[in-house]
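To start, the structure itself, in structure tokens.
Along the sequence shown, the residues carry numbers beginning at 1. The model shown is predicted, which means the values in this text are computed figures rather than measured ones. Every heavy atom of this structure was used, including side-chain atoms; hydrogens, water molecules and symmetry mates were not.
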Amino acid sequence: MTVNIITRSIRNFFLLFLLLSSHTKGNNNELFDLEGEIEEVEEERELHRGYRPRSNGYSNKCRDRKGTLYRGAPCIQIPVGGRNLKKRNKKKKKQRWYRGYWNGRTYRTQCKSYTCADVDCDSDIGRIQCPQTCGWCTTVWDELQANFTEFASFLQGVDLSYILQDARAQRTVFAPDNTTFTEFWAEDRVANYSDTDVWGEHAKDLAMYHIVRGRLLTEDINDGDNITTAACETIGFTGDPPTTINGDVNITDPDIELRNGVVHGIDAVLLPPSASMTIWEYLQDSQDHTTFFALLSDSETTDFQTILNDEGPYTVFAPTNDAFAEADLTNLTDNDIDNVLRYHIVEGNNLSYELYRAGSAETLFENNTLSFDARYFILYINYEFGIPDPSGAKTIEKNVLRSTGIIQVIDAVLIPPTDVE
């Protein structure tokens, strides 16, 4: 109370001094102009006292364009002393206010509670006065939630929505329409993408196969181009401008331009190798696993084709041809070799870091487990550091996702520690 009385007394004394000065100079209008400006500033300060930007995905701060200071609504400038502002900056480097200069005074710029939800993006107030706050605010994620709801729900389920909400990162998304994605979801397949605990990595790979880094319009893509997606796999385009992807997926709604990227509507789900190729098909096509695949195919005891092609999920430790060239399997019977092959297969989708954390895993060869360790991002199997185990191996290619499981490519053949019979 006492402080308010003293403050008002000082202000009144200051106004009286200015009044006497203005009479001596013969200019009474300046006094009333100054008094009105002070009252206006006091009202603005009182109005915005305690203001904190709301966290809604957009910045609530007004950022003036270079060389220009906007003073109209919804941005206001509160004049402060330049020296005081500099002292505050020394004490606290990160300021909530942006400094601007107008008529020789220092101002701090503050935006009212206008956000993209309150102000039309096409309005002059939003676009010109506070371009950082409102401006062109519809994001890729906003578009997907509005018109590609099924695909948006899928992206949210695999925690990828945040990538498409970031207004600073440009992304191009090929989005299946709702009918297409619903039909895809109802198809019968080994991979159950809704079970993220088991198939989460496959679901994320499927989602990222529809996302490309950067801003790509159809005019930027040529006939025959192959563009790498966020899943590190390529998609191929046909037509000029392109009308199909991977030969059979049509672009039905191209070039939906948004603040942080572009959305192209498509009439089918794009299938990466993790969704379109089984473990059996991978081994069949791989030039590095011809020996391993031949042994799996020739087995008369176990139907490995059904296990790796129609069932799952399984994790397969696949030795290369060089690994088999160094292994001595000449004294093993057909049944022994079958046991060795089953010793390379573990149930479930197991990424390399999950195997390391587990420490061991049961194989399809009953009562026989694999042990795991890791050094420098390399997974070691049945390997004791310092004393190499002759049956040990290490991964040379990790986490190859396929529609029936995961492949870990290894540099040696794993021999069961128990006697094979």
Side-chain angles (χ1 to χ4, degrees), residues 144 148-161 163 173-211 228-235 245-249 266-286 289 293 296 302-318 344-355 358 361-364 395 397-409:
L144 294 179
F148 301 89
T149 54
E150 295 297 326
F151 186 58
S153 178
F154 172 61
L155 291 175
Q156 193 166 24
V158 294
D159 298 325
L160 288 178
S161 59
I163 296 178
V173 177
F174 299 90
D177 59 66
N178 291 333
T179 302
T180 295
F181 205 79
T182 302
E183 293 174 353
F184 170 79
W185 208 253
E187 292 176 3
D188 184 23
R189 64 176 62 83
V190 175
N192 180 13
Y193 294 114
S194 60
D195 186 1
T196 54
D197 291 336
V198 178
W199 296 94
E201 200 67 22
H202 289 75
K204 184 173 291 186
D205 189 70
L206 176 67
M208 295 176 70
Y209 193 61
H210 292 76
I211 303 173
T228 303
T229 66
C232 297
E233 300 284 352
T234 60
I235 51 178
I245 306 173
N246 290 349
D248 57 355
V249 179
I266 55 179
D267 67 352
V269 177
L270 298 173
L271 299 178
S274 65
S276 61
M277 179 181 289
T278 66
I279 293 177
W280 183 262
E281 292 169 340
Y282 169 85
L283 296 174
Q284 187 177 30
D285 294 344
S286 174
H289 297 92
F293 180 75
L296 292 170
T302 304
D303 186 3
F304 287 107
Q305 181 174 358
T306 300
I307 293 174
L308 302 180
N309 199 60
D310 303 323
E311 300 176 1
Y314 291 101
T315 300
V316 176
F317 297 88
H344 288 74
I345 304 174
V346 173
E347 289 187 354
N349 283 321
N350 299 285
L351 298 171
S352 57
Y353 78 89
E354 294 173 331
L355 293 168
E362 187 79 20
T363 69
L364 294 190
T395 54
E397 186 176 359
K398 299 179 297 183
N399 307 330
V400 180
L401 304 181
R402 289 301 179 262
S403 63
T404 53
I406 298 176
I407 302 161
Q408 309 287 354
V409 180

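- Proximity of Leu271 to Phe184: side-chain heavy atoms (C-beta onward) are separated by under 4.5 Å at one or more points.
- Between Val198 and Pro313 the shortest side-chain heavy-atom distance falls below 4.5 Å.
- Here the straight-line distance linking atom CG of Asp267 with atom OG1 of Thr180 works out to 5.5 Å at 0.5 Å rounding.
- For residues 196-208, every residue pair satisfying the side-chain hydrogen bond (donor to acceptor under 3.5 Å, both in side chains) rule, not counting sequence neighbours, is listed here: Asp205-Ser274.
- In this structure, His344 NE2 and Gln408 CD are separated by 12.5 Å, a value rounded to the nearest 0.5 Å.
- Side chains of Leu296 and Trp280 form a contact here, defined as non-hydrogen atoms less than 4.5 Å apart.
- Counting heavy atoms from C-beta on, the side chains of Pro176 and His210 come closer than 4.5 Å.
- A distance of 9.0 Å separates OG1 of Thr229 from CD1 of Ile211, quoted to the nearest 0.5 Å.
- Proximity of Tyr209 to Phe174: side-chain heavy atoms (C-beta onward) are nowhere separated by under 4.5 Å.
- Put simply, the side chain of Thr315 gets close to the backbone of Gly348: a donor and an acceptor are under 3.5 Å apart.
- Residues forming a side-chain contact (heavy atoms from CB on, under 4.5 Å) with Glu397 (at least two apart in sequence, or on another chain): Tyr282, Val400, Val409.
- Within 6.0 Å of the CD atom in Glu281, the count of heavy atoms belonging to other residues, nucleotides or ligands exceeds 12.
- Asn350 contributes no side-chain N or O that, together with a main-chain N or O of Ile406, makes up a donor-acceptor pair within less than 3.5 Å.
- At least one test fails for Arg402 against the ring of Tyr314: distance under 6.0 Å to the centre or angle within 45° of the axis.
- Counting heavy atoms from C-beta on, the side chains of Met277 and Asp285 come closer than 4.5 Å.
- Below 30°, between 30° and 60°, or above 60°: for Tyr193 and Trp185 the angle between ring planes is between 30° and 60°, a tilted geometry.
- The two residues Val269 and Val249 make their nearest non-hydrogen contact at O-CG2, 4.5 Å.
- With contacts defined as side-chain heavy-atom distances shorter than 4.5 Å, the pair Phe317/Val346 qualifies.
- Counting all heavy atoms, side chain and backbone alike, Ser352 lies closest to Asn399 at N-OD1, 2.9 Å.
- Taking all atoms of both residues into account, the shortest heavy-atom contact from Asn349 to Gly405 is OD1-CA, 3.1 Å.
- Under the 4.5 Å side-chain criterion, counting only non-hydrogen atoms from C-beta, Leu206 is not in contact with Val158.
- Of all non-hydrogen atoms in Ile245 and Leu270, the two that sit nearest each other are CG2-CD2, 3.8 Å.
- The two atoms that bring Ile279 and Thr404 nearest to each other are N-OG1, 3.1 Å, heavy atoms only.
- Of all non-hydrogen atoms in Ala203 and Phe154, the two that sit nearest each other are O-CZ, 3.3 Å.
- Under a 3.5 Å cut-off, the side chain of Thr302 and the backbone N or O of Phe304 do not form any donor-acceptor pair.
- Distance check, rounded to the nearest 0.5 Å: CD of Glu233 to CG of Leu401 gives 9.5 Å.
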Margin query: Checking Leu308 against Thr278 for the side-chain contact (heavy atoms from CB on, under 4.5 Å) test, could you report, in this order, the C-alpha distance in whole Å, the side-chain angles of both residues, the deciding distance, and whether it holds?
Written below: CA-CA 7 Å; Leu308 302 180; Thr278 66; over 6 Å; no
